[in-house]
A.B. asks: 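My questions all concern the structure below.
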Amino acid sequence: MDFNTSLSQLPSASAKRIALRIHAPAERALRQGHPWVFDGSITEQSHVGAPGDLAVIFDDKRRFLAIGLYDPTSTIRVRVLQSRDSVTINTDWFQNKLSTAVRLRAPLQQSDTDGYRLVHGENDGLPGLVIDRYADTLVLKLYTPAWIPHLKDFCDALAQVTPATHLILRLNRSLQKQTDLLHGLVDGIPLTLQTPPSLILFKENGLIFESDPIHGQKTGFFLDQRDNRSRVEKLSKGKSVLNVFSYTGGFSVYAAHGGAKEVVSVDVSAPALEAAVRNMAHNKLTVPHETIAEDAFEVLARMASQKRLFDVVIIDPPMFAQSEKQIESALSAYRKLTRLGLSVLRKGGTLVQASCSSRVDNDSFFESVHGSAKEAGRTLKEIERTGHALDHPIGFKEGAYLKCLFAIAL
Ligand code: SAH
């Protein structure tokens, strides 16, 4: 991989490690493999640290517990890289982690898929960092400034283990604002020499999709729904399918490919729907495809009042609960969506409803969908409860965020 100068001008990590002690509950969590140490659990600290300093956590007998990336700007003060055995964090260590991540995704090669999550942050032992591959482009997204002093070593490891023509850097919203820590890096900047294309074509289960890795949501595509999209493909033959919160039409393309007689995609984002139309064309799918760029709640209410009914209704909304406080309002939004979705679903039709809010646990979500169906006078006969695909492994509680219900609505 040929890197440009953005990486070489970054400062290197401090050689001086921070020594920390933490209170007993945090120590227990760490021993059980939790990857975060919160600011409030630190009881002793050797010296003031900068983002990206390596922090070593010791127990009360001065024995090594874990080493991680220090971030004084976040309440997640340390993101654990390794616990139990002491290690040197360097290019070799990164290579090792990346090789493990690559091995885990090997089965995807058999499914004609070259768009997938290569590194899923904490769940792949690389906390606060995500890498998505779209064919020959890698999109690396950072969630903490602590990675910046390690980025050059990390990218060297990446080039060794799984090279690509283009590497694009994305920064999450809070990191974009920390300009004093970014050393010239900005959201969407290429780290490789060649100018990357603005749209990338990649394959998912043999179907062609485009991704806009610089302006798109997440890194350009919602890769976590791959398996659920396949399930939709299998149940779409001869059906009318409504895809609510469609984004660029992932589920719509699979439904059309599976033989749907009609597909309707609803999303508030007009550019996303334009991409959905192009995604249909990339796959030469000519089934009638209507796109509606409006608020999903309003569209569903209107369709219900017009008695417009579908055989399959897919509801995959954005994250509703960012914090503990929002869990109740998220559950009430899920209930409302179930009610609205069922009001446009034919008797005996299939409801596919997903939640990507990690704060909302599985039971609460599934119970709220069932409860809302009952209130609407419908019974849901479950086909399946599913989660994310294998490239989104679950390494800790918060890593299990996606849940999806497939059910026949009687
Ligand atoms: N199902 C999609 C991913 C959905 S992400 C896929 O498989 O790729 C959530 C989507 O909801 C985003 O595209 C966002 O633009 C859209 N969205 C957010 N709020 C909305 C609203 N009130 N009405 C309609 N769409 C909305």
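Quick caveat, the model's predicted, so the values are computed rather than measured.
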A.B. asks: Is Asp316 salt-bridged to Arg229, cutoff N-O under 4.0 Å?
C.D. replies: no
A.B. asks: List the steps, then state whether side-chain contact (heavy atoms from CB on, under 4.5 Å) holds for Leu151 with Asp153.
C.D. replies: CA-CA 6 Å; Leu151 202 54; Asp153 285 352; over 6 Å; no
A.B. asks: Give a yes or no on this: more than 12 heavy atoms of other residues, nucleotides or ligands lie within 6.0 Å of atom NZ of Lys152.
C.D. replies: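 No, NZ of Lys152 has 12 or fewer neighbouring heavy atoms, counting only those of other groups under 6.0 Å.
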A.B. asks: Report yes if some heavy atom in the side chain of Gln194 is under 4.5 Å from a heavy atom in the side chain of His166; otherwise report no.
C.D. replies: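 The answer is yes; the side chains approach within 4.5 Å.
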A.B. asks: Are more than 12 heavy atoms, taken from residues, nucleotides or ligands other than Asn362, located less than 6.0 Å from that residue's CG atom?
C.D. replies: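 Check passes, neighbour count above 12.
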A.B. asks: Any salt bridge linking Glu375 with Arg335? Criterion: basic side-chain nitrogen under 4.0 Å from a carboxylate oxygen.
C.D. replies: no
A.B. asks: Contact between Thr248 and Phe222 at the side-chain level, heavy atoms closer than 4.5 Å - yes or no?
C.D. replies: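 Not touching, per the 4.5 Å side-chain cut-off.
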A.B. asks: Does the side chain of Ile315 come within less than 4.5 Å of Leu351's, by heavy atoms?
C.D. replies: yes
A.B. asks: Under 3.5 Å, is there a donor-acceptor pair between the Asp39 and Thr75 side chains?
C.D. replies: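 No donor-acceptor contact under 3.5 Å links the two side chains.
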A.B. asks: Should Leu98 and Val119 count as side-chain neighbours, where that means a heavy-atom distance under 4.5 Å?
C.D. replies: yes
A.B. asks: Are Leu138 and Asp132 close enough that some pair of their side-chain heavy atoms sits under 4.5 Å apart?
C.D. replies: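 They are not in contact (no side-chain heavy atoms under 4.5 Å apart), so the answer is no.
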A.B. asks: Could you state the interatomic distance from CD (Gln178) to CG (Leu182), rounded to the nearest 0.5 Å?
C.D. replies: 7.0 Å
A.B. asks: Let me see the working for Phe202 and Tyr116 under ring-ring contact (aromatic ring centres under 6.0 Å, His included), right down to the final yes or no.
C.D. replies: CA-CA 9 Å; Phe202 66 95; Tyr116 55 90; 9.8 Å; no
A.B. asks: Whether Asp227 and Arg231 form a salt bridge (side-chain N of Lys/Arg under 4.0 Å from carboxylate O of Asp/Glu) is what I want to check.
C.D. replies: no
A.B. asks: If you define the side chain from C-beta out and look only at heavy atoms, does anything of Phe64 sit under 4.5 Å from Ile57?
C.D. replies: no
A.B. asks: Evaluate Glu262 against His289 for side chain to side chain donor-acceptor pair (under 3.5 Å), listing each step before the verdict.
C.D. replies: CA-CA 6 Å; Glu262 174 204 16; His289 178 216; over 6 Å; no
A.B. asks: Ring centres of Phe209 and Tyr134 under 6.0 Å apart?
C.D. replies: no
A.B. asks: More than 12 heavy atoms of other residues, nucleotides or ligands under 6.0 Å from CZ of Arg308: yes or no?
C.D. replies: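 Yes.
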A.B. asks: Should Arg226 and Asp391 count as an ion pair when the cut-off is N to O under 4.0 Å?
C.D. replies: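 Judged by the 4.0 Å cut-off on N to carboxylate O distance, Arg226 and Asp391 do form a salt bridge.
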A.B. asks: For Thr88 and Asn90, which I'm curious about, is there any donor-acceptor pair between the side chains at under 3.5 Å?
C.D. replies: no
A.B. asks: Give a yes or no answer on whether the side chain of Thr192 reaches the backbone of Leu167 with a donor-acceptor pair at less than 3.5 Å.
C.D. replies: yes
A.B. asks: Just by distance, with hydrogens left out, do Glu290 and Ser265 show a side-chain donor and acceptor under 3.5 Å apart?
C.D. replies: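 Short answer, no.
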A.B. asks: Classify the ring geometry of His150 against Phe94: parallel below 30°, tilted from 30° to 60°, perpendicular beyond 60°.
C.D. replies: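 Aromatic pair His150/Phe94 classed perpendicular.
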A.B. asks: Show, in sequence, the C-alpha distance, side-chain angles and deciding distance for Glu210 and His282, and conclude whether the side chain to side chain donor-acceptor pair (under 3.5 Å) test is met.
C.D. replies: CA-CA 8 Å; Glu210 61 177 53; His282 293 319; 2.9 Å; yes
A.B. asks: Are Leu380 and Val369 packed together at the side-chain level, in the sense that at least one heavy-atom pair is separated by less than 4.5 angstrom?
C.D. replies: yes
A.B. asks: Ignoring hydrogens and angles, tell me if any N or O in the side chain of Asn123 forms a donor-acceptor pair with the backbone of His120 under 3.5 Å.
C.D. replies: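 Looks like yes, one N/O pair under 3.5 Å.
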A.B. asks: Any side-chain donor paired with an acceptor under 3.5 Å for Tyr254 and Asn205?
C.D. replies: yes
A.B. asks: Is it true that Thr162 and Arg133 share a donor-acceptor pair across their side chains at a distance under 3.5 Å?
C.D. replies: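 A pair is found: one side chain offers a donor N or O, the other an acceptor, under 3.5 Å apart.
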A.B. asks: Taking the basic N atoms (NZ, or NE/NH1/NH2) and the acidic carboxylate oxygens, is any pair closer than 4.0 Å for Asp311 and Lys239?
C.D. replies: no
A.B. asks: Looking at side-chain heavy atoms only, is the closest gap between Ser198 and Ile214 below 4.5 Å?
C.D. replies: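 No - every pair of side-chain heavy atoms lies 4.5 Å or more apart.
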A.B. asks: For residues 401-410, tabulate all N or O donor-acceptor pairs below 3.5 Å that involve a side-chain atom, not counting sequence neighbours.
C.D. replies:
from, atom 1, to, atom 2, distance (Å)
Tyr401, OH, Asp224, OD2, 2.8
Lys403, NZ, Ser357, O, 2.9
Lys403, NZ, Val360, O, 2.9
Lys403, NZ, Tyr401, O, 2.6

